[in-house]
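As structure tokens, the structure follows; a few thoughts come after it.
Along the sequence shown, residues are numbered consecutively beginning with 1.
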Amino acid sequence: MSKPFITYTAQVEKLKNEKNLVITDDDFAVESLQNISYYALIGGYKHPFIDIHTRKYINEACFEDIVALYEFDEELRGIFFKYLCRVERKMRSSISYHFCKKHGERQEEYLNSNNYGNIPKNKNGITKLIKMLDMMANKNKDHEYLVYQRNKYHNIPLWVIMNTLTFGQISKMFEFLPQNMQGAICQDFGNVKKNEMIKYLKVLTLYRNVCAHNERLFSYHTYIDIPDTLLHKKLGISKNGSKYIYMEKMTCLV
């Protein structure tokens with residue numbers, strides 16, 4: 001059954017009377033629900049404080065505990081997002097530099113499928129990527145700098161168009177580049193291996209989206225496995241033989 005609409009005051013009463021949540025300041029609770037929403041706050045952060053069988057709050061959990069966890073996660077998202085943006089910015093720069101170093105600044109070059117790694121499994125993805133790049137280069141009017149380049153020079157270099165791409169699109173573009181170009185880009189990141197970089201970018205894209213959309217981060221995980229890093233060793237993650245136990249379930253704490 002769908003859940004009916006109830007007012008903020010009714011939401012507070014429900015938490016107190018039906019769910020056993022301690023609320024000492026009704027005004028603070030109502031204001032928090034107004035600013036964050038019941039679904040985002042309670043639905044997102046209640047889990048450490050409830051009995052999974054009765055769905056009621058335990059150990060005298062109070063409303064402020066849930067707000068504190070939400071605020072902690074908000075700060076954590078800010079830290080993650082800051083450094084994810086740095087990775088994103090460097091990847092934009094590295095791809096455009098190495099691509100243009102080889103092919104030049106003409107937009108026809110990044111719209112040419114022959115300049116990508118044309119192996120069978122990439123064919124459809126490359127077609128979609130080029131279609132998106134073509135739309136940005138020739139039709140998009142949302143970005144003033146694209147319109148300016150189009151009108152003045154009748155050409156939009158890759159280093160300009162890269163600024164419009166999402167982290168996911170950047171990740172896909174790297175995946176579709178020729179191997180020698182992928183290798184040159186990887187050297188800009190400490191000589192990471194090509195296949196490792198593809199996995200890293202997939203995982204980082206997921207975490208970037210969580211941060212950008214204000215979703216719950218502290219307990220988020222992905223089942224995309226990543227290669228061993230220095231962080232695994234520094235954090236003292238347990239091993240099963242030569243493999244780290246949590247390598248396939250990378251939580252945000254890893």
Side-chain angles (χ1 to χ4, degrees), residues 8 11-12 15 19 21 23 25 28-50 52 57 61-95 142-143 162-175 189-190 192 196-237 244-254:
Y8 293 122
Q11 291 171 18
V12 171
L15 288 170
K19 301 297 184 179
L21 181 64
I23 299 178
D25 188 338
F28 173 74
V30 168
E31 182 180 3
S32 298
L33 293 171
Q34 288 175 330
N35 292 336
I36 304 170
S37 89
Y38 187 99
Y39 180 79
L41 179 61
I42 304 302
Y45 296 90
K46 67 184 177 183
H47 304 288
F49 307 104
I50 63 172
I52 60 173
Y57 292 90
C62 64
F63 187 85
E64 287 79 4
D65 294 330
I66 300 175
V67 173
L69 181 57
Y70 172 86
E71 291 176 344
F72 162 78
D73 202 42
E74 188 174 48
E75 293 292 328
L76 187 65
R77 285 195 301 270
I79 295 171
F80 266 60
F81 194 68
K82 172 184 176 180
Y83 291 101
L84 286 167
C85 285
R86 291 186 182 181
V87 175
E88 181 179 348
R89 183 170 61 244
K90 183 170 181 175
M91 183 56 71
R92 291 180 198 274
S93 175
S94 184
I95 289 176
D142 296 331
H143 303 279
M162 285 297 293
N163 205 49
T164 70
L165 304 189
T166 67
F167 205 149
Q169 290 167 339
I170 294 168
S171 173
K172 282 297 182 183
M173 189 169 189
F174 174 84
E175 187 174 350
F189 289 84
V192 178
E196 293 178 351
M197 180 64 80
I198 290 173
K199 287 186 175 182
Y200 287 140
L201 290 174
K202 287 180 178 179
V203 171
L204 292 177
T205 297
L206 293 173
Y207 277 82
R208 195 268 187 200
N209 290 340
V210 168
C211 294
H213 296 289
N214 289 320
E215 296 180 5
R216 186 177 62 222
L217 178 63
F218 82 94
S219 61
Y220 178 77
H221 63 268
T222 172
Y223 288 96
I224 300 174
D225 61 324
I226 63 171
D228 294 347
T229 68
L230 290 175
L231 283 177
H232 288 82
K233 184 176 181 179
K234 288 181 178 180
L235 293 174
I237 298 173
Y244 289 101
I245 293 174
Y246 298 109
M247 186 169 64
E248 293 184 358
K249 184 180 179 181
M250 190 185 104
T251 69
C252 68
L253 296 179
V254 176

Are the side chains of [Y] and [X] in contact, using a 4.5 Å heavy-atom criterion?
{"X": "Leu69", "Y": "Phe49", "answer": "yes"}
{"X": "Phe63", "Y": "Leu41", "answer": "yes"}
{"X": "Leu206", "Y": "Ile224", "answer": "yes"}
{"X": "Leu217", "Y": "Tyr207", "answer": "yes"}

Quiz item: ring-ring contact (aromatic ring centres under 6.0 Å, His included) between Tyr45 and Tyr70: does it pass, once the steps are laid out?
Solution: CA-CA 7 Å; Tyr45 296 90; Tyr70 172 86; 5.4 Å; yes

Identify the heavy atoms of [X] and [Y] that sit nearest to each other, and give their distance.
{"X": "Glu88", "Y": "Leu165", "answer": "OE2-O, 4.1 Å"}
{"X": "Ala40", "Y": "Ile36", "answer": "CB-O, 3.5 Å"}
{"X": "Tyr83", "Y": "Ile79", "answer": "CD1-O, 3.2 Å"}
{"X": "Gly43", "Y": "Arg216", "answer": "O-NH1, 4.1 Å"}
{"X": "Ala212", "Y": "Phe81", "answer": "CB-CE1, 4.0 Å"}

Quiz item: Taking only residues two or more places apart in sequence or in another chain, which ones pass side chain to side chain contact (heavy atoms under 4.5 Å, CB included) with Thr205?
Solution: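 With neighbours one apart ignored, the set is Phe167, Ser171, Asn209.
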
Could you grab the distance from atom [atom1] of [X] to atom [atom2] of [Y], nearest 0.5 Å is fine?
{"X": "Ser32", "Y": "Ile42", "atom1": "OG", "atom2": "CD1", "result": "9.0 Å"}
{"X": "Met162", "Y": "Met91", "atom1": "CE", "atom2": "CE", "result": "8.5 Å"}
{"X": "Lys202", "Y": "Ile198", "atom1": "NZ", "atom2": "CD1", "result": "7.0 Å"}
{"X": "Leu33", "Y": "Leu15", "atom1": "CG", "atom2": "CG", "result": "7.0 Å"}
{"X": "Lys19", "Y": "Lys46", "atom1": "NZ", "atom2": "NZ", "result": "6.5 Å"}
{"X": "Tyr57", "Y": "Leu21", "atom1": "OH", "atom2": "CG", "result": "5.5 Å"}

Exercise. Check step by step if side chain to side chain contact (heavy atoms under 4.5 Å, CB included) holds for Glu64 and Phe28.
Key: CA-CA 9 Å; Glu64 287 79 4; Phe28 173 74; 4.0 Å; yes

Quiz item: Can any side-chain N or O of Gln169 pair as donor or acceptor with the backbone N or O of Thr166 at less than 3.5 Å?
Solution: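 Yes: the side chain of Gln169 pairs with the backbone of Thr166.
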
Self-check item: Under the ring-ring contact (aromatic ring centres under 6.0 Å, His included) test, residues paired with His47 that sit two or more places apart
Solution: none

Quiz prompt | Test salt bridge (Lys or Arg N to Asp or Glu O under 4.0 Å) applied to Glu196 and Lys199, step by step | solution = CA-CA 5 Å; Glu196 293 178 351; Lys199 287 186 175 182; over 6 Å; no

Quiz prompt | Lys90 to Phe189, cation-pi by 6.0 Å centre distance and 45° axis angle | solution =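 So Lys90 does make the cation-pi contact.
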
